[in-house]
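The structure appears below as structure tokens.
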Amino acid sequence: MRKPIIAGNWKMYKTWDEAIQFVEEVADKIPSNDKVDAVICATALYLPTLVQMQAESDLAFGAQNMHYENEGAFTGEVSPTQLESVGVDYVVLGHSERREYYNETDEAINKKVAAALAHNIVPIICCGETLEEREAGTTEQKVAGQIKAALAGFDAEQVAHMVIAYEPIWAIGTGKTATADDANQVCGAIRAVIAELYSAETAEAVRIQYGGSVKPENIEELLTKEHIDGALVGGASLEPASYLKLLEAAANA
Ligand SMILES: O=C(CO)COP(=O)(O)O
């Protein structure tokens, strides 16, 4: 069985004091990482301190984006070398907000995945369709294209350790969740793409999260589904109580 992974994506929320208070509040309540991988993806600005604060705990941290070059004249960017040097374990890549507002392309995401692996950072690779694409019936085609592009050039062993997040764009921050069955169907289609590109074993190993208005009220049902191995959570990861409920649901799934 695949270990569930719950990743909070704080996006551009929380002041420094709020971030510290959150981590202090959840610190001794994180379920064991035998049962669930608990991750918080915070602004890069806070990551070194948060990582140090939690060095002994089962709470891991991720960045929300990074450049694919190790260093260089890229004003305002954060590199994989820098993230690795402060002990960051995960990075969210290709989030729909980055694709939409910062023109992130499939090619750039593919380079970022390579950079993450080269620095021992687990990539959480996001994909998902717009409402128009869903209504036009092209969801699986869109998501398959994004996944094939992101994974181009990697071998089965590398892919088996990646995390994929299926986030339908129309469900992000809207309160509209895909039904658990619809989410499972697309996560299953992603797994089928990986089986076709690599092998059935690789597809069985890779963890696929659902994201989009995940809350304590709907997490349990989502996690009963065969192909859903966790969640990438925005709004409901901002409050300690709701984040902990998500972790508990995953630890008991
Ligand atoms: O974009 C998301 C996580 O990356 C989902 O955000 P919400 O959980 O706020 O819908």
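Only heavy atoms go into these numbers, but all of them, side chains included; no hydrogens, no water, no symmetry mates. Remember, it's 1-based here, ligands and their atoms both numbered in the order they're listed.
- The ligand atoms of ligand 1 that sit less than 4.0 angstrom from a heavy atom of E167 are 1 (O), 2 (C), 3 (C), 4 (O), 5 (C).
- Checked by atom type, the side-chain pair T130/E133 shows a donor-acceptor distance below 3.5 Å.
- Ligand 1 has no atom lying under 4.0 Å from any heavy atom of A236.
- In this structure, E140 places its CD atom where more than 12 heavy-atom neighbours from other residues, nucleotides or ligands lie under 6.0 Å away.
- Regarding atom 8 (O) of ligand 1, its nearest protein heavy-atom neighbour is G234 N, 2.8 Å.
- In C126, neither the side chain nor the backbone holds a heavy atom less than 4.0 Å from any atom of ligand 1.
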Legend entry - Steps toward salt bridge (charged side-chain N to carboxylate O under 4.0 Å, His left out) verdict (K112, E104): CA-CA 11 Å; K112 291 179 182 198; E104 206 161 282; 2.9 Å; yes

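- Taking distance alone, with nitrogen or oxygen atoms compared against 3.5 Å, E97 stays at or beyond that limit from ligand 1.
- Taken from CG in L232 to CD1 in I6, the straight-line distance is 9.5 Å, to the nearest 0.5 Å.
- Aromatic pair F22/Y243: centroids less than 6.0 angstrom apart.
- Considering all non-hydrogen atoms of both residues, L83 and A63 come closest at CD1-CB, 3.7 Å.
- The ligand atoms of ligand 1 that sit less than 4.0 angstrom from a heavy atom of A171 are 10 (O).
- Considering only non-hydrogen atoms, atom 4 (O) of ligand 1 lies nearest to H95 out of K215, H95, K176.
- Closest to atom 9 (O) of ligand 1 among all protein heavy atoms lies G235 N, 2.8 Å.
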Inset, instruction - Check the pair R191 / D229 against salt bridge (charged side-chain N to carboxylate O under 4.0 Å, His left out), numbers first and verdict last. - result: CA-CA 12 Å; R191 213 177 288 289; D229 305 316; 2.8 Å; yes

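- Heavy-atom separations between G211 and ligand 1 are all 4.0 Å or longer.
- Not one N or O of I172 is nearer than 3.5 Å to an N or O of ligand 1, by distance alone.
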Legend entry - Stepwise salt bridge (charged side-chain N to carboxylate O under 4.0 Å, His left out) check, K3 with D34: CA-CA 8 Å; K3 182 171 31 154; D34 296 343; over 6 Å; no

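- Contacts with ligand 1 closer than 4.0 Å are made by heavy atoms of both the backbone and the side chain of L232.
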